[in-house]
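One structure is given here, and the rest of the page talks about it.
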Amino acid sequence: NYEDDMEEIVATSTSQSSITSQSTPSSPQKLPQKLIKTANLSCEVEDYQQTAKQVKQLTNQWNAYISDEQQINRRHRISNKFTIRVPKIQFDSLLLDLEKLALRIDKKHVNIQDISEEFFDLKSRLNTAKKVEQRYYEILKDAKKVEEILKVEKELKGLREDIESKEGRLNFLNDQVNYSSIRLSIYQKINLPESAYQRPSFFGRIGGAFQAGWYSLLDFTIRLIYIWPFVLLSIFSFIWLIRLLKKRRKKT
């Protein structure tokens, strides 16, 4: 009876998985679309500080949030890279407003990925796994032998891990669908005066060397002050060693 139930569960899960894999592709028109939208926008701006504030204002205005921000300062320009997560229905509006902040758009790329087939196939397999899990729990209630209990519990453990994995993947896909991603890169060119690129004169370099040497001497002195107990101990130990050697020589 127990073995028949186990064979029935395996046969049921196999047949349902087969039905799922055959039926899902044949009827995509009945399923709501699951689309992942992403955009990459790189642009030059006139005022970096002002634009960065406006980006954050627009993010709040369209109920979005910044998941990652990286500011980079270079010699000739200052830049910032934002990763913005925005509700899918606000994606186009926010992207359009961000484009308006640009002095010049260097790059724009929008990608739409249809994951409907993967999503609903995974969801069907998850439902099947949960039904099988429930059947195992029913068998576990009726199991009497220790061997049977252990075998069912082992199957349940593997099945539970599979269910949690599928649930995690579904949650991730749902998040990617519900919140689109905009990777925004803004930068402002910095025009430095010509004097900023000139090398210092010979005497200027000598003065800098003297200054650096003086600071090095001060640092060395400060380090000595920190370790003065060890310096004194070393001196006394050296004097004691010299005296000890002199006494030994006199004796010989």
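None of these values were measured; they are calculated from a predicted model.
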Do you reckon V132 sits in the same ILVMFWY cluster as I149, going by side-chain contacts under 4.5 Å, direct or chained?
yes

Does T83 reach the main-chain N or O of R183 with its side chain, forming a donor-acceptor pair under 3.5 Å?
no

Partner residues of R169 under the side chain to side chain donor-acceptor pair (under 3.5 Å) criterion, sequence neighbours left out
E118

Does some side-chain heavy atom of I105 sit less than 4.5 Å from a side-chain heavy atom of E99?
yes

Taking N174's backbone N and O only, do any of them form a donor-acceptor pair with N178's side chain (distance below 3.5 Å, no angle check)?
yes

I'd like to check the side chain to side chain donor-acceptor pair (under 3.5 Å) partners of E69; sequence neighbours left out, ordered by chain and number.
N80

Pairs satisfying salt bridge (charged side-chain N to carboxylate O under 4.0 Å, His left out), at least one member in residues 226-236, at least two apart:
none

Under 4.5 Å between any side-chain heavy atoms of Q90 and N63, yes or no?
yes

With a 4.5 Å heavy-atom cut-off, do L184 and I186 have their side chains touching?
yes

Residues that R77 engages under side chain to side chain donor-acceptor pair (under 3.5 Å), provided they are two or more places apart
none

Output all residues satisfying side chain to side chain donor-acceptor pair (under 3.5 Å) with K53, sequence neighbours left out; order by chain, then residue number.
none

Listed by chain and number, what are the side-chain contact (heavy atoms from CB on, under 4.5 Å) partners of K157, not counting sequence neighbours?
E161

Could you walk me through whether V110 and L95 pass side-chain contact (heavy atoms from CB on, under 4.5 Å), step by step?
CA-CA 10 Å; V110 177; L95 184 59; 3.9 Å; yes

Hphob cluster co-occupancy, Y187 + I84, side-chain heavy atoms under 4.5 angstrom:
no

Side chains of K166 and R125: does their closest heavy-atom pair fall under 4.5 Å?
yes

Walk me through whether I72 and R74 qualify under side-chain contact (heavy atoms from CB on, under 4.5 Å).
CA-CA 6 Å; I72 303 172; R74 291 196 174 97; 3.9 Å; yes

Please determine if K130 and E167 form a salt bridge, counting it only when a charged side-chain N lies under 4.0 Å from a carboxylate O.
yes

What's in the same ILVMFWY side-chain cluster as L35, cut-off under 4.5 Å, chained through other members?
I112

Under 4.5 Å side-chain heavy-atom separation, chaining through any Ile, Leu, Val, Met, Phe, Trp or Tyr, what else clusters with V146? Say none if it is isolated.
L150

Residue pairs involving residues 147-185 (criterion ring pair (Phe, Tyr, Trp, His ring centres under 6.0 Å); sequence neighbours excluded)
Y65-Y179

D92 and K37, any side-chain heavy atoms less than 4.5 Å apart
yes

Would you say that F120 contacts P32 through its side chain, given a criterion of any heavy-atom pair below 4.5 Å between the two side chains?
yes

Are side-chain heavy atoms of V86 and S180 found at a separation under 4.5 Å?
yes

Is it the case that one hydrophobic cluster holds both Y48 and I190, taking links as side-chain heavy atoms less than 4.5 Å apart, direct or via other members?
yes

The side-chain contact (heavy atoms from CB on, under 4.5 Å) partners of K123 (sequence neighbours excluded) come to F119, N127, L170

Under 3.5 Å donor-acceptor pairs involving side-chain atoms of residues 235-244, not counting sequence neighbours:
| from | atom 1 | to | atom 2 | distance (Å) |
| --- | --- | --- | --- | --- |
| S237 | OG | L233 | O | 2.7 |

Whether D68 and K81 form a salt bridge (side-chain N of Lys/Arg under 4.0 Å from carboxylate O of Asp/Glu) is what I want to check.
no

Please identify each residue that fulfils salt bridge (charged side-chain N to carboxylate O under 4.0 Å, His left out) with E46, with sequence neighbours left out.
none

Assess the residue pair D175 and R85 against the criterion (side-chain contact (heavy atoms from CB on, under 4.5 Å)); give the C-alpha distance rounded to whole Å, side-chain angles, the decisive distance to 0.1 Å, and a yes or no.
CA-CA 10 Å; D175 179 68; R85 302 298 308 284; 3.3 Å; yes

